[in-house]
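Worksheet: one structure, shown below.
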Amino acid sequence: MSALTNYGENNVLDTLLSGTKYIKLHIGDPGEDAATNAAAETTRQGVTWAAASGGSKSTNATATWTSVSTTETYSHFSIWDALSAGNPLVYGALTASVSVTAGDDFEITSGNMTVTAA
């Protein structure tokens, strides 16, 4: 068995999440290809990331979806390399599911989305 060093973990995260990346919302587990359970609110929001430290990397910008289109419950996310089309890079569950009503705003505030290399 092998494992990344602390430096290696930080390097992988800094490389993978360099520049602006785009968060897509999901109403269930999106799967490894981030292709299932997409939220009706399909707009991806761009965020930038702080430098990785301790094998984790957090957003350093707030992602805001203004006046969401549909009443639903967000439970998962995926992170993409492009605003549309592109490639999924990371996916996971939100810390807690969030119910929104059509017309509400939804945001993930700066520092509150973290990706960890394990």
Side-chain angles (χ1 to χ4, degrees):
M1 183 176 143
S2 60
L4 287 172
T5 64
N6 290 334
Y7 172 83
E9 290 174 351
N10 291 337
N11 186 275
V12 166
L13 289 170
D14 282 337
T15 300
L16 184 68
L17 298 174
S18 66
T20 301
K21 299 302 180 232
Y22 301 88
I23 301 171
K24 180 177 179 175
L25 299 170
H26 295 266
I27 58 171
D29 187 341
E32 293 233 352
D33 293 325
T36 60
N37 296 310
E41 182 58 50
T42 58
T43 303
R44 297 178 193 169
Q45 296 298 325
V47 293
T48 54
W49 300 80
S53 177
S56 293
K57 190 169 178 84
S58 298
T59 56
N60 64 3
T62 296
T64 303
W65 289 262
T66 304
S67 191
V68 300
S69 63
T70 304
T71 298
E72 56 191 348
T73 300
Y74 304 140
S75 61
H76 290 73
F77 65 92
S78 55
I79 300 171
W80 294 72
D81 62 2
L83 182 59
S84 62
N87 304 290
L89 304 172
V90 176
Y91 71 100
L94 298 174
T95 303
S97 295
V98 178
S99 296
V100 296
T101 301
D104 285 354
D105 292 346
F106 176 74
E107 69 179 17
I108 299 171
T109 56
S110 179
N112 282 323
M113 176 165 282
T114 302
V115 174
T116 302

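For the pair Pro88 and Asp33, the tightest heavy-atom approach, listed with the atom from each and the gap, is CG-O, 3.5 Å. Contact between Thr70 and Ala40 at its shortest, heavy atoms only, is OG1-CB, 3.2 Å. Residues Asp81 and Lys21 approach most closely at CA-CD, 4.1 Å, considering heavy atoms. For Ile27 against Ala38, the heavy-atom pair with the smallest separation is CG1-O, 4.1 Å. Of all non-hydrogen atoms in Trp49 and Asn60, the two that sit nearest each other are N-OD1, 3.4 Å.
In this structure, Thr20 OG1 and Arg44 CZ are separated by 14.0 Å, a value rounded to the nearest 0.5 Å. The CD atom of Glu72 sits 10.0 Å away from the OG atom of Ser99 when rounded to the nearest 0.5 Å. We find the CD1-CG distance between Ile79 and Asn87 to be 14.0 Å, quoted to the nearest 0.5 Å. The CD atom of Glu32 sits 13.0 Å away from the OG atom of Ser78 when rounded to the nearest 0.5 Å.
By the salt bridge (charged side-chain N to carboxylate O under 4.0 Å, His left out) test, Asp29 is found to be paired with no residue, residues two or more places apart in sequence or in another chain being considered. By the side chain to side chain donor-acceptor pair (under 3.5 Å) test, Thr43 pairs with Glu41, sequence neighbours left out. Take Leu13 and apply the side-chain contact (heavy atoms from CB on, under 4.5 Å) test, not counting sequence neighbours, and it matches Ala52, Lys57, Val115, Ala117. The side-chain contact (heavy atoms from CB on, under 4.5 Å) check on Val98 picks up Val100, Phe106, with sequence neighbours excluded. With sequence neighbours excluded, no residue forms a ring pair (Phe, Tyr, Trp, His ring centres under 6.0 Å) with Trp80. With sequence neighbours excluded, the residues forming a side chain to side chain donor-acceptor pair (under 3.5 Å) with Thr64 are Glu107, listed by chain and number. The side-chain contact (heavy atoms from CB on, under 4.5 Å) test applied to Thr101 returns Thr71, Asp104, not counting sequence neighbours. For Tyr91, there are no ring pair (Phe, Tyr, Trp, His ring centres under 6.0 Å) partners, not counting sequence neighbours. Among residues two or more places apart in sequence or in another chain, the side-chain contact (heavy atoms from CB on, under 4.5 Å) test is passed with Asn6 by Glu9. Applying the side chain to side chain donor-acceptor pair (under 3.5 Å) criterion to Ser18, with sequence neighbours excluded, gives no partner residue.
Side chains of Thr62 and Thr109: no donor on one and acceptor on the other come within 3.5 Å. In this structure, a donor-acceptor pair under 3.5 Å is absent between the side chains of Thr59 and Ser110.
Side-chain atoms of Asn37 and Pro30, non-hydrogen and from C-beta on, never get closer than 4.5 Å to each other. Ser56 is listed as a side-chain neighbour of Thr116, based on a closest heavy-atom distance under 4.5 Å.
Identified under the ring pair (Phe, Tyr, Trp, His ring centres under 6.0 Å) test for residues 3-34, with sequence neighbours left out: none.
In this structure, Val12 shares a hydrophobic cluster with Leu4, the cluster being traced through Ile, Leu, Val, Met, Phe, Trp and Tyr side chains under 4.5 angstrom apart.
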Start with the C-alpha gap between Tyr74 and Ile108, add the side-chain angles, then the distance that decides, and say whether side-chain contact (heavy atoms from CB on, under 4.5 Å) holds. CA-CA 12 Å; Tyr74 304 140; Ile108 299 171; over 6 Å; no
side-chain contact (heavy atoms from CB on, under 4.5 Å) for Ile23 and Met113? Distances and angles first, verdict last. CA-CA 10 Å; Ile23 301 171; Met113 176 165 282; 3.6 Å; yes
